Amino acid sequence: MASGGQCVEVRKSADSATWYNASVVDISDDHVRVSFENDVWPSKEVPMSLVRLKPPASEAENFAPQVDDEVEVHLAATEANPSGWSRGKVKTIRSRTFYFVTFAGGSHRSQDIIVERSSLRRPSSSPAFDQQAVIRRTIPVDPGLHAWIRSADSHGCLSNVAAKSSLLSASCTMDKKRAPRVLLVGDEHAVTLGEKLLSQIHFKNQIKMQQFHEYREYYLERIKWYEQWNGGKHKEVFSVDTTFVGRIIGKKGENIQKLRQDYEVEIEVEASPTSWVESVITITGESAEAVKKAREQMEYITESIEIEPDQVGWIVGKGYQNLTEIQTNAGLQYARFDSKTSSIELRGLRQQVEDAKLMVQVHRDYLAVYQDMSKEQRTLAKEFAELDRRGGKKGGGKKGGGRSRGSGWADLNDEEESEGEWDQWAPPPLRGGKGEKGGKGVGKSGVGKGGKARER
């Protein structure tokens, strides 16, 4: 019997407060054979009444235990015991992080245990299995899926059905004399739900996948035959979006004819057998290099790059200036920003799109550099302002009251320059320094243009 390997929790006796993690191996009339992680305990048969399913992941959401709340504490695996969960009560909480828990039911642990929130969960709502409520139902398997259901590939599907439906087990019978069937074990609701998932979703999709593989094998054989027929010729086959076909062929076929002549290759454009939105292009030629170059001139693609909201202005640019430059420099058909998905769509030949992606990435990398430069500039500006104020106090009079001539630093402060300016492009230009001409300076008579900036 090939089992779905459902993960369960088992305890040693009906009055035990500790449940150990295990996996279902097999099921008899009123017992379940389970195995334990790393085989720390040998597999054993336990009564159904001592077995329960793992609680659903949703039970862990928004769990914030308080003092006197009952909880279950995670017990890590040791050389003598598998991992598990034991019932207890929160005694004290320190620093909103550490929980002092007292074990329930006269645990062999005489002392409280200190754990973090991640080691606690709500008391499981999953009840132990009631032998009287457990039923078994066999599900027939379509003849086209017999090989698949007997293979290891089906195990993941059966495990998924068991977990989603809260089944005790979902397994395939392995009787060589009879057609394979799937055995579902659980309560009435779980078995009914599991049958629906298996028959109406998994089996239907698997049949379609089997048909696709058969179709694929047929075309692979056909391609192999064409390759033998073409002898030593080189060939490449690829797909493009049907909307590119007109551009590839050109007016009256002039584009595709030029490629045939330039690279001395044969080019065929056909509708895709598997997708109505794609076309298949086959290039055949005497030279692998010629075939490759012809492909580079026809392989149009469309790709999207997600952009973080706070990087949009920096990458796209004011009035889409950056995006336009990237489109032009890479030779793209277009590059456009989609505000709904916060992404840039690039459309063009594969190499053009790859070049554009690299440009976007490099440009993105510079954002952090410019942000650091802006921060440093504001810091330096404040230092200059402080020096000016000190100089004003010492000098007094008309000369002392103004800022030094040609300091070359604009008035910048945190209120005037918002972080949003980085979304609109580059940082404010750094001015000043020895020998700079034409910049604005703050001198004796206020703000003016021209003059050499005096080095401080």
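No experiment lies behind these values; they were computed from the predicted model shown.
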Note to self: Parallel, tilted or perpendicular: which one describes the rings of F244 and Y300, with boundaries at 30° and 60°?
What the structure shows: parallel
Next item on the list: Any ring-ring contact (aromatic ring centres under 6.0 Å, His included) involving residues 42-88? Give me the pairs, sequence neighbours left out, ordered by first then second residue.
Entry: H74-W85
Notebook entry, point to check: Rounded to the nearest 0.5 Å, how far does CZ of F98 lie from CD1 of I93?
Noted result: 12.5 Å
Next item on the list: Calculate, to the nearest 0.5 Å, the distance between atoms CD1 and NZ belonging to I114 and K91 respectively.
Entry: 10.5 Å
Next item on the list: State the SG-CG distance between C172 and L145, to the nearest 0.5 angstrom.
Entry: 11.0 Å
Note to self: How long is the straight-line distance from OG1 of T302 back to CG of D241, given to the nearest 0.5 Å?
What the structure shows: 6.0 Å
Item checked: Contact check, side chains of V8 and Q6, non-hydrogen atoms, under 4.5 Å -> yes
Check: Salt-bridged, R137 to E188, with N to O below 4.0 Å?
Finding: yes
Notebook entry, point to check: Can you name the nearest heavy-atom pair linking V191 to L184, along with the distance?
Noted result: O-CD1, 3.8 Å
Check: Considering residues at least two apart in sequence or located in another chain, which fulfil the salt bridge (Lys or Arg N to Asp or Glu O under 4.0 Å) criterion with E37?
Finding: none
Next item on the list: State, to 0.1 Å, how close G144 and Q210 come at their nearest heavy-atom pair, and which atoms those are.
Entry: O-CG, 4.2 Å
Item checked: Enclosure of Q257 CD (heavy-atom neighbours >12, cutoff 6.0 Å) -> yes
Next item on the list: With R350 as reference, evaluate E303, E296, E299 under the side chain to side chain donor-acceptor pair (under 3.5 Å) test and give the passing residue.
Entry: E299
Note to self: If I compare all heavy atoms of S165 with all of A190, which pair ends up nearest, and what's the gap?
What the structure shows: O-CB, 3.1 Å
Next item on the list: State, with a plain yes or no, whether a side-chain heavy atom of F129 is found less than 4.5 Å away from one of V32.
Entry: no
Next item on the list: Without swapping roles, check the side chain of S23 against the backbone of S35 for a donor-acceptor pair under 3.5 Å.
Entry: no
Check: Which atoms form the tightest heavy-atom contact between V237 and R295, and what is the distance?
Finding: O-NH1, 4.3 Å
Next item on the list: Please say which of R11, R87, R121 ends up in a salt bridge (charged side-chain N to carboxylate O under 4.0 Å, His left out) with E72.
Entry: R121
Checklist line | Straight-line distance of I305 CD1 to T341 OG1, nearest 0.5 Å | finding: 12.0 Å
Next item on the list: Determine whether the side chains of S126 and R52 contain a donor N or O and an acceptor N or O closer than 3.5 Å.
Entry: no
Note to self: Can you confirm whether V141 sits close enough to Q206 that some side-chain heavy atom of one is under 4.5 Å from a side-chain heavy atom of the other?
What the structure shows: no
Item checked: Separation of W41 CH2 from N81 CG (nearest 0.5 Å) -> 5.0 Å
Notebook entry, point to check: Should we say atom CD of E376 is surrounded by more than 12 heavy atoms from elsewhere, each under 6.0 Å from it?
Noted result: no
Check: So which heavy atom on V40 is nearest to which on A80, and how close?
Finding: CG2-C, 3.8 Å
Notebook entry, point to check: Think R336 forms a cation-pi with Y334, using NZ or CZ under 6.0 Å from the six-ring centre and within 45 degrees of its axis?
Noted result: yes
Item checked: Check ion pair E354-K357 (N to O, under 4.0 angstrom) -> yes
Note to self: Are T282 and K235 packed together at the side-chain level, in the sense that at least one heavy-atom pair is separated by less than 4.5 angstrom?
What the structure shows: yes
